[in-house]
Each structure stands twice: as C-alpha cells, then as structure tokens.
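Chain naming here is simple, since letters A, B, ... match the order of the sequence lines and numbering starts at 1 in each.
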2 protein chains.
Amino acid sequence: MDRRVTKKGNDDASGKERPTLKTLAFMTGLGVTTVSRALKDAPEIGAETRRRVQLVAKQIGYRPNRAGVRLRTGKTNVISLVLNTEHELMSFVSDIIYGVTEVIADTPYHLIVTPYSRSQDPLDPVRYLVETGSADGVIISRTQPNDPRARYMLEHGVPFATHGRTDMGLVHPYHDFDNYAFAGEAVRALAAKGRNRLALVTPPVGLTYFRYTVNGFADALSEVGASEVPFNTVSIDHTIEQIRMRTAQLMRRDDRPDGIISSAAAATLAVVAGIEDAGLKLGRDVDVVSKQSSEVLHLFRRELLVVNEDFRLAGYELARAVLGWIAGKEPGSLQSLSKPSEVLPYRG
Amino acid sequence: MDRRVTKKGNDDASGKERPTLKTLAFMTGLGVTTVSRALKDAPEIGAETRRRVQLVAKQIGYRPNRAGVRLRTGKTNVISLVLNTEHELMSFVSDIIYGVTEVIADTPYHLIVTPYSRSQDPLDPVRYLVETGSADGVIISRTQPNDPRARYMLEHGVPFATHGRTDMGLVHPYHDFDNYAFAGEAVRALAAKGRNRLALVTPPVGLTYFRYTVNGFADALSEVGASEVPFNTVSIDHTIEQIRMRTAQLMRRDDRPDGIISSAAAATLAVVAGIEDAGLKLGRDVDVVSKQSSEVLHLFRRELLVVNEDFRLAGYELARAVLGWIAGKEPGSLQSLSKPSEVLPYRG
DNA sequence: TCAGTATACTGAAACGTTACAGATTGCCAA
DNA sequence: TTGGCAATCTGTAACGTTTCAGTATACTGA
C-alpha cells in the first residue's frame, strides 16, 4: 500500500505553461466545472462570477485545449476540404481555399486539406474522415449526379457541402455555378456574332455540371437555330497537348465550327493554340467564348469572349453552408447557385 | 458512500463503435498498456504477443485516436502551411499543396492551411500555432533575409522549413529556387539574341529572393557587357493593371529596354500586354524571358523565352524537410536549392 | 537452495475538457 | 419549525492515450 505524492504542477500560477481550466480555477478560487461553464455562458452560473471568470480568462489569454475538447466531446473544430490532386490542383483551388479561410477566420475552425491521388476511389478519403471522426464538416467537389460520397455522409450524419449539385433526390447543402445559363449565354453571344456552327469543350463527363452545360448548350442551340459540331473527343480534364491537337484536327475539317465554347480557361489556351495551328484566326474565322476564374484570357487574346466564375465566392459559400449545417440550420436552406456574368468582350 | 455502477460500454466487442486500445485489450486478453506497447514495437513485449496484437489490430482496423495521443503526448500529427492570402493564393499554391500532400500521404500527418490576411503581421499566425501547439511542423513562404518568423520558431524549438532562404546566420531547413542563376541565365539568353539594354521585373522587395534575383541580374549584366534599364516602379506583387500600364510607359520612352526579364508568369502576361499597348512587337522590338510554373506562356506568345520553376517540387522538398527535422535529422542537412531549367524557346 | 535479475506483463495516473450527480445556501410557504 | 425549491457552485468520472512504477514468473549463477 504505497502512498505516492501526486504532483500537479499547475495549481500554482507560476510557470510559462499554457493556462488551463485548472489555472483559471486556481486564480478565481472556483471549481474547474464552474469555470468551464462560466466561459460558455451557462445559465446556472451567477452573473458576476461569469464576468469575473471571463475577464481573467481574457487577461491571461486562455484558449481551450483542442485535444481536450475533442477527446471529451468529439468536436474537432475542423473543416476538411477534399481535393482530387490529379485534376483539381489548378489555380482555382487557391481561390476556393481563400474563400473558405475567409469564412473560417474568426471561428475556432481549422481547415485541413485532404487529398486523394491518382486513380483512387473518391470515396476513400471521405470514408477515412468519417470513420476517424477527423472533421466536423466536409467540403467536396467534382460532384456527380449520383454521388456516393454525398450519400455516404448523409447516411452517417456528417455535415458537408458539395461544390456542384447532385441528382439523387436527397437534399444537402451545395454551391454551384449556373453552367446551364453559362452555356446558354455563350451560345447566344456567338449567335449574335453570326456564328451558327458551334462546338463545345465540355466539363469532365460524369460530373453533374457536365450535364447542365450540355443541356444549356443544346437548349440554346435550338433556341437560336444554330447547330452543333460534335467535339466529344476532349473535355477540360484532358491535357493541354491533347486539347490543342484535337482542336487543330477539328478546325482543319471542312465542317469546322465557327464558334467554340470552352468550360475552362486552361483549356481555352489550348483551343486557341489549336485554332492557330490550323492556320485560322480568332475573331475572323471563329469566335471563342470561355469561362475563366481570373482575368487572364483578355491578356491572352483580346478577341476572346469571357464569362467569369468566382471560385472565391464558391469557397465562401461552401464554408458558410457547412458551418450553417453544423450549427443546426436546415440543409435545404444552405444551397446557392451563382449566376454567370455577362459574356464580356475585351474592354478597351 | 455511494456505490455507483460504472458502465464502460466498450469492454464487450459488440458495437459499431470505433475500436480503441481497450477493445484490443479485451480481444487479446491483455492489458491496455501491453497493447499500446505491442503496437509500437516496444522491446519488452514478447515477439509472439506483439505479432498477435498487431494482427488483431489490423483485422479490426484499429486506428489510434488522434485526440487521445495529442492530449497525452502533445503530438498533433499536423503540418501547417502558412499562407498569405493576399499575395500567395495564386496558382502555384496548389502546386505546393500538391507536393506537400504527396509526401504526407502515407504518414499519419494532416495538412492544415493557416492563412493570414490583409496587412496582418506575418508573425501572428506563427505565434498562434506555436502558442497553441497546433502543429508539429510549419512551412512558411515569402521568406525574408531577416525573418522574424524563422527566428521565433527557432527560439521556441518548433520544426519548420522556409520556402526561400534567410540570411540571419541561423541554420534551418529550407527549399529555394536558384533565382540568382535564373536571372543570370536570362541575361545571357537575351545577350545571345543581341539584346543589351535590359529591364527586370523583380520579386517583391524585401523578400530574400528579390536580392538573389537582382544580384544575379547585375552580375550577369556586367559579365556580358549589357546595361540595365531601371524599372523599379513595379514588382510581381503589383496588379496586372499596374504592371501593364507601367510597362507601356516604359516602352514608350526613347531609352526603352530591348529585353525584359520577368520573375512570374502572371506578371509576364501584363508585361506583354504593356509592350503591345506601346505598339511594339515581341521578338522583334524586345525579347522577354520569364519564369513560369506551368506550361502556359508558350501558348500565350510563342516568342517568349521561359524558365520553369517547379513548385510541386518545392512543396515536396519542404514537407520532407519538416518531417526530417521532426524525425530528428540535422536542420542543416535539410536544405535544398533547385536549379533553373535552361532558357527555353518555343519548341515547335 | 536462494538471491539476483531478466522477461513479460499490468494498474494507476495524467493530459484538459465536459457531463453527471450531487452539495450548500438562502428563502419561502405551510 | 420544517420541508421544499431555486440559485450557485463542486467533485468525480470519462473520453483514449502513454508513462511510471510496479508485479509475477522464470531463469541464472553460486
């Protein structure tokens, strides 16, 4: 029967060590429990005590220990952004991150980036996050109409938001760019320039916004009475070289399009290169409308017509949606659709 | 003297709950301590026991609870990438993240992105990370010759790596691109084309690589006998519009340069636009050498001369450096300098 | 035979937090 | 007076992990 001396090491307010609830309890002469509750404005704590505790806490710069909270409550204070490192680490990822951090900045949340690499099941990282309880909320992109990740997280009660919509009859927060409208506006802009044989460089087949884009394109085509020149051999997921080569092939054909619509700025660079490889001139032989997420295309070729998509806004909305869901709001009320800008020609 | 019944809730291997050490202990019939040590190959555990525990652990998919480990040991298994959201969230950030995640992928580490926004003290986020013990290692960029963040982390014993070198007489891991060599090569390439009045679009004043670039530029100028056309009114931190306007101004002067070196692709777009605004033609009136981090510039104007900087490599090296330091390697052995590619003309 | 020691294992405590189940005090109604 | 209740505050346990200080057993040398 031994009688060890237990050294606490924190019940004096001496050291350089980070203050804990125990430190605060010692300083205020209260119990640890009382301090804990006072800090979170629990009703059963006296008004004066509450103020006193909060004052002292602020003075000595108390910050709750994340590991303690997480261990006890399961709350991680983490939002995870799940990214496909193969396709998505293009410039717009930075913008999304920017938008997310902007929202998160004055919350206790941290942003962790969870990658999934080469040809891995997209569900893997999500499963990992859910199984290990690594995040309070998740943001995914490259959303599919029938998206197993969204389904999985719904089943497991994990708050999330998708960049892009789904079509499963399930309701969840999302943010999306109105690609149906984009494609439609693009067609109309080209039609207004007298172009009537149009080709489309689509989003990746299989993602939801592929459908919206294609539908918007098709509907507007018949609206303005233009026809489609099929160009199914590429999407914006293809490499610069592939897009360039196949565009050149396309433009050398007799039935070549006189208008092209591109769903991404990087692809547009390749498309224009392909057009010029074929000896044609932008603005004369063919017009191109492209989405872009930063103001680069007009520097590239002033003949380009552009539509702006704001990925910072996307990050912002997605983060707000996830936090909203975590805070208990209705998932259905956390959906947003961003309208495309006008189709813009080079402005002086 | 009450005699409450304590419900453990985990000592049966029943539920859907995540297995813990206790679960493993129950299943193997061992003590929690033994299981813990067996999993980390402690020497005082019998070989067979060790194998048995590890087998069971693998079978049921045991993963240590991060909060438990972190609370007990202080180890977070987190690497933090500290970013300036004002300047740095350009495309290359994605590449750095890609490189980092590549290294981190098969380690227990998570990557968290810690932003610091508009005109905030760059030391703030670092101080936060250190004070709250939120990360085992930190990666910073926009490194300065005398960098308070590096000094601070050295003082506090926090492993880190800098993107770019410092010049404080203190040794720490870094990865840097050899901008001295880049500027030199660029000057020589322009000289080889008969250009001898050269201007430089510099990195942001105050950052270490500003100095290297400027020195490489100056040394090579005198080496080849060319002269500098001062262009101090811009750096690559300026907006596209500013760079464009001032380049146009510069190019309208009588003493305009016949060669320009640009430290970033985005700036180069603006520079070329400015050149053309002034009615001059790239490749005829002036040649431009530019760094780029992805293959876009040759699509933009094939007359451009480019040097490639690999930011994915940077992320990769930085992550390896931090992990190496955490693992106990000598900081001085974790420094790397990446040589620029040749100056490349448009390749067919 | 016995002490000494190496081997293999174990319980308790601690990290910082919150939830649960009280405990203390004062006040009021009966 | 007494019982009840509201208002405040408190101790203990628990989250899952590792470390400390053991204990039990078998083996060793004399």
K.L.:
Expressed as a whole number of angstroms, how long is the span from A:Leu21:CG to C:dC15:P?
P.N.:
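Going from CG in A:Leu21 over to P in C:dC15 covers 13 Å.
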
K.L.:
How long is the span from the CG atom in B:Asn84 to the OG atom in B:Ser141, to the nearest 0.5 Å?
P.N.:
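Taking CG in B:Asn84 and OG in B:Ser141, the distance rounds to 8.0 Å.
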
K.L.:
OP1 or OP2 of C:dG16 versus the side-chain N and O atoms of A:Lys22: is any pair under 4.0 Å?
P.N.:
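For A:Lys22, the contact criterion (side-chain N or O under 4.0 Å from OP1 or OP2 of C:dG16) is not met.
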
K.L.:
For D:dT18, does OP1 or OP2 lie under 4.0 Å from any side-chain N or O of B:Ser36?
P.N.:
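B:Ser36 to D:dT18 OP1/OP2: side-chain N or O found under 4.0 Å.
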
K.L.:
Can you figure out which of C:dT17, D:dT18, D:dT8 approaches the side chain of A:Thr20 most closely?
P.N.:
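Output: C:dT17.
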
K.L.:
Would you say the rings of A:His163 and A:Tyr174 are close, in the sense that their centroids are separated by under 6.0 Å?
P.N.:
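No.
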
K.L.:
Take atom CZ of A:Arg70 and atom P of C:dC15, then tell me their distance rounded to the nearest Å.
P.N.:
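After rounding, the gap between these two atoms is 20 Å.
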
K.L.:
Counting distance alone, no hydrogens or angles: does the base of C:dA19 have a donor or acceptor under 3.5 Å from a partner atom on the side chain of A:Thr33?
P.N.:
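When only heavy-atom distances are counted, A:Thr33 does reach the base of C:dA19 through a donor-acceptor pair under 3.5 Å.
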
K.L.:
Report the nucleotide, chosen from C:dT10, C:dT18, D:dG16, that has the shortest atom-to-atom distance to any side-chain atom of B:Thr34.
P.N.:
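Nearest to the side-chain atoms of B:Thr34, counting from C-beta on, is C:dT10.
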
K.L.:
Nearest-Å distance, CD1 (A:Ile45) to C1' (D:dA7)?
P.N.:
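To the nearest whole Å, that distance equals 10 Å.
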
K.L.:
Is B:Glu102 reaching over with its side chain to a backbone N or O of B:Tyr316, donor-acceptor style, under 3.5 angstrom?
P.N.:
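Answer holds: no.
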
K.L.:
Choose from D:dT10, D:dT17, C:dT17 the nucleotide whose nearest atom is closest to any side-chain atom of A:Arg72.
P.N.:
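Out of D:dT10, D:dT17, C:dT17, the nucleotide with an atom closest to A:Arg72's side chain is C:dT17.
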
K.L.:
Taking for each residue the nucleotide of DNA chain D bearing the nearest heavy atom, is the 5' side occupied by B:Arg37 or by B:Tyr62?
P.N.:
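Mapping each residue to its closest nucleotide by heavy atoms, the 5'-most match is B:Tyr62.
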
K.L.:
Pick the nucleotide of DNA chain C nearest each of B:Gly29 and A:Val32; which residue has the one closer to the 5' end?
P.N.:
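Looking at the nearest nucleotide for each, B:Gly29 comes out on the 5' side.
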
K.L.:
Angle class for the B:Tyr128/A:His110 ring planes (parallel below 30°, perpendicular above 60°, tilted otherwise)?
P.N.:
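Judged by the thresholds at 30° and 60°, the geometry between B:Tyr128 and A:His110 is perpendicular.
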
K.L.:
Within this structure, what is the CZ-to-P distance between B:Arg52 and C:dA8, rounded to whole angstrom?
P.N.:
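For the pair B:Arg52 CZ and C:dA8 P, the rounded distance is 14 Å.
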
K.L.:
In whole Å, what is the span from the NZ atom of A:Lys75 to the P atom of D:dG16?
P.N.:
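In whole Å, D:dG16 P and A:Lys75 NZ are 19 Å from each other.
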
K.L.:
Within this structure, what is the CG-to-P distance between B:Leu71 and C:dT18, rounded to whole angstrom?
P.N.:
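Rounded to whole Å, this separation is 12 Å.
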
K.L.:
Check the distance between D:dT17's C1' and B:Leu24's CG and give it to me in whole angstrom.
P.N.:
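Distance check: B:Leu24 CG to D:dT17 C1' gives 13 Å.
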
K.L.:
Name the nucleic acid region contacted by A:Gly68, choosing base, sugar-phosphate or nothing; use a 4.0 angstrom heavy-atom cut-off, strictly under.
P.N.:
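Base contact.
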
K.L.:
Rounded off to whole Å, could you give me the CD-to-C1' distance for the A:Glu17 and C:dC15 pair?
P.N.:
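The answer, rounded to whole Å, is 12 Å.
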
K.L.:
Between D:dG16, C:dT18, C:dC9, which one does the side chain of B:Glu44 approach most closely?
P.N.:
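Per side-chain heavy atoms of B:Glu44, the pick is C:dC9.
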
K.L.:
Could you tell me whether the side chains of B:Thr166 and B:Asp147 share a donor-acceptor contact shorter than 3.5 Å?
P.N.:
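Absent: no donor and acceptor within the cut-off.
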
